[in-house]
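Working notes for the structure below.
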Amino acid sequence: MELNGTGRVNERGHLEIGGVDVMDLAAEHGTPLYVYDVALIRERARGFKRTFEKLGVTAQVAYASKAFSSIAMIQLAEQEGLSLDVVSGGELYTAIQAEFPVDKIHFHGNNKSEEELHMAMDYKVGCIVVDNFSELSLLDRITSERKEKVKILLRVTPGIEAHTHDYILTGQEDSKFGFDLTSGQAEEALKQALESQGIEVLGLHCHIGSQIFQTTGFLLAAKKIIGQLKKWNAEFSYQPKVLNLGGGFGIRYTSEDEPLRPAQYVEEIVTEVKNQIADSSLSMPEIWIEPGRSLVGDAGLTLYKVGSEKDVPQVRKYLAVDGGMSDNIRPALYEAKYEAVLANRPNDPVEETVSIAGKCCESGDMLIWDLPLPKAGRGDILAVFCTGAYGYSMANNYNRIPRPAVVFAEGGEARLVIKRETYEDLVRLDLSYQQALNSK
Ligand code: LLP
């Protein structure tokens with residue numbers, strides 16, 4: 001199997017990431033353990049940024065922190081000159097704790113609460129991505145009460161279907177996100193926003209889906225949105241400063257996946273926008289994108305310890321590991337596929353096909369079906385690749401399993417960036433029956 005980034009098999013015959021033997025990490029920090037190849041995250045970020053620079057376009061590459069939000073990760077995003085997409089008070093709070101530059105934070109969400117909007121204004125975030133009419137009127141009221149101004153993008157749904165798993169389609173018209181472009185909703189929203197004293201409409205936003213392998217959807221979305229912008233420019237002289245085309249760039253989870261290079265998505269999108277703008281009275285807007293998965297997805301892997309096994313003769317062999325849907329819910333939720341190797345002997349010849357089960361009390365808690373592996377058993381360490389996006393961020397405490405630790409590996413050094421949850425952490429918010437009675 002081909003290893004990503006700095007991944008290699010070292011002199012001890014172990015898997016190594018960022019110059020660090022992952023067996024040492026498993027011994028020091030325990031399992032399950034998420035390990036990130038920091039150099040690869042930097043490379044991905046620079047790839048996006050450099051392409052915009054090469055094309056001479058003013059741009060922002062905003063890391064969609066929902067993919068993996070933590071203080072150290074957000075500081076890494078800052079080091080690489082990225083902007084930041086947050087979708088909740090919690091993600092915003094994490095960014096603030098990381099001392100991320102507030103003017104480069106974009107606040108998303110289809111149901112921001114009044115408190116969250118105040119929080120965004122208190123911290124003076126760079127822009128709020130407004131999702132619907134009720135948020136628009138709330139923001140109009142809040143800005144007038146506070147006698148302050150906010151910059152916004154209007155999120156529109158251009159009615160483009162990206163070819164990906166149904167659950168992660170967001171660009172189609174029947175979506176909970178955004179103002180529909182075709183029916184005139186988006187136009188009505190723009191008119192309302194332009195009339196509001198406290199609101200400055202920087203431009204439009206769309207996000208057509210996730211794990212997308214082609215550029216067609218992005219190009220169609222850009223064409224459709226710019227078509228509308230031309231009309232609005234003619235009708236009420238609206239000139240957008242920003243066009244945000246979202247994230248969703250696909251990555252290679254298994255050898256079946258064939259994503260494009262990050263640069264190619266950017267090159268084609270920019271060319272289309274330039275072409276569309278060229279024959280109009282619009283001036284070239286800044287182009288913003290919001291990659292999450294393609295910045296951190298293949299830079300992360302999860303180490304598990306193999307425990308029990310079960311053979312169902314003539315059917316399959318199950319190997320169970322010490323994590324599962326509590327640290328990676330994607331196989332259960334999206335039928336997501338992963339590849340894995342034995343970290344303690346990745347070069348051993350493949351001898352059998354096994355299915356990797358998690359330890360949660362649920363039949364659907366399977367991490368990988370039909371994985372070719374050397375003969376493995378209790379004590380072996382399994383490394384599951386490409387778990388860097390939506391792994392930790394969707395981790396949960398089902399069965400009261402503590403969430404794993406997270407380590408950054410770079411240049412031969414490993415740094416713990418999120419501690420493992422303890423059993424004490426699990427009951428930290430619980431009140432005893434007696435405490436509950438007394439608190440009345
Ligand atoms: N921008 C917006 C407005 C989004 O809704 C998303 C993802 C992104 C950017 C980043 O998309 P990315 O580049 O990471 O594909 N939990 C699912 C993915 C949900 C994506 C939601 N929105 C998964 O594990 O596949």
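Whatever order the structure lists ligands and atoms in, that order sets their numbers, starting from 1.
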Open item on the list: Please report the interatomic distance CD1(Ile208) to CD1(Ile212), rounded to the nearest 0.5 Å.
Closed with: 4.0 Å

Open item on the list: Under 4.0 Å between a side-chain nitrogen and a carboxylate oxygen: does that hold for Arg330 and Glu335?
Closed with: no

TODO: Tell me which one of Lys66, Arg330, Met394 gets a heavy atom nearest to atom 22 (N) of ligand 1.
DONE: Lys66

Task: Heavy atoms from other residues, nucleotides or ligands near NZ of Lys224 exceed 12 (cutoff 6.0 Å) - done: yes

TODO: Please say whether His205 places an N or O atom under 3.5 Å from an N or O atom belonging to ligand 1.
DONE: no

Task: ligand 1 to Tyr334 polar contact by distance, N or O atoms, under 3.5 Å - done: yes

TODO: Go through ligand 1 atom by atom and flag the ones less than 4.0 Å from a non-hydrogen atom of Arg155.
DONE: 3 (C)

TODO: For His108, take its heavy atoms, then give the atoms of ligand 1 lying under 4.0 Å from any of them.
DONE: 3 (C)

- [ ] Using a strict 4.0 Å cut-off to heavy atoms of Asp85, name the atoms of ligand 1 that fall inside it.
- [x] 1 (N), 9 (C)

- [ ] Can you label the angle between the Phe68 ring and the Tyr36 ring as parallel, tilted or perpendicular, going by 30° and 60°?
- [x] parallel

Task: Residues, nucleotides or ligands: over 12 heavy atoms within 6.0 Å of Lys310 NZ - done: no

Task: Short N-O contact, Asp430 and Arg400, less than 4.0 angstrom - done: yes

Task: Subset of ligand 1 atoms that lie under 4.0 Å from at least one heavy atom of Pro291 - done: 13 (O)

Task: Test of proximity, Gly248 against ligand 1: N or O pairs below 3.5 Å - done: yes

Open item on the list: Checking contacts here: is it the side chain or the backbone of Val129 that comes within 4.0 Å of ligand 1, counting heavy atoms only? Could be both or neither.
Closed with: neither

Open item on the list: Counting only heavy atoms closer than 4.0 Å, does ligand 1 sit against the backbone of Arg293, its side chain, both, or neither?
Closed with: both

Task: Rounded distance (nearest 0.5 Å) linking atom NZ of Lys151 with atom CD of Glu200 - done: 5.5 Å

Task: Atom indices of ligand 1 within 4.0 angstrom of Ala64 heavy atoms, with elements - done: 8 (C), 9 (C), 10 (C)

Open item on the list: Tell me the contacting part of Glu290 for ligand 1: side chain, backbone, both, or neither, using a 4.0 Å heavy-atom threshold, strictly below.
Closed with: both

Open item on the list: List ligand 1 atoms under 4.0 Å from Ser210, heavy atoms only on the residue side.
Closed with: 11 (O), 12 (P), 15 (O), 20 (C)

Open item on the list: Please determine whether any non-hydrogen atom of Ala389 lies less than 4.0 Å from an atom of ligand 1.
Closed with: no

Task: Main-chain N/O of Gly248 paired with Tyr265 side-chain donor or acceptor, under 3.5 Å - done: no

Task: Test of proximity, Gly292 against ligand 1: N or O pairs below 3.5 Å - done: yes

Open item on the list: Polar contacts were defined as any N/O atom of the residue lying under 3.5 Å from an N/O atom of the ligand; does this apply to Tyr390 and ligand 1?
Closed with: yes

Open item on the list: Before you tell me yes or no, could you show the steps for Phe408 and Glu413 under side-chain contact (heavy atoms from CB on, under 4.5 Å), namely the whole-Å CA-CA distance, both residues' side-chain angles and the distance that decides it to 0.1 Å?
Closed with: CA-CA 8 Å; Phe408 275 5; Glu413 302 281 344; over 6 Å; no

- [ ] With rounding to the nearest 0.5 Å, note down the distance linking NZ in Lys112 to OG in Ser134.
- [x] 10.0 Å

TODO: Classify the contact between Ala67 and ligand 1 as side chain, backbone, both or neither, using a heavy-atom distance cut-off of under 4.0 Å.
DONE: neither

Open item on the list: Check the orientation of Phe249 and Phe48. Use parallel for under 30°, tilted for 30 to 60°, and perpendicular for over 60°.
Closed with: tilted

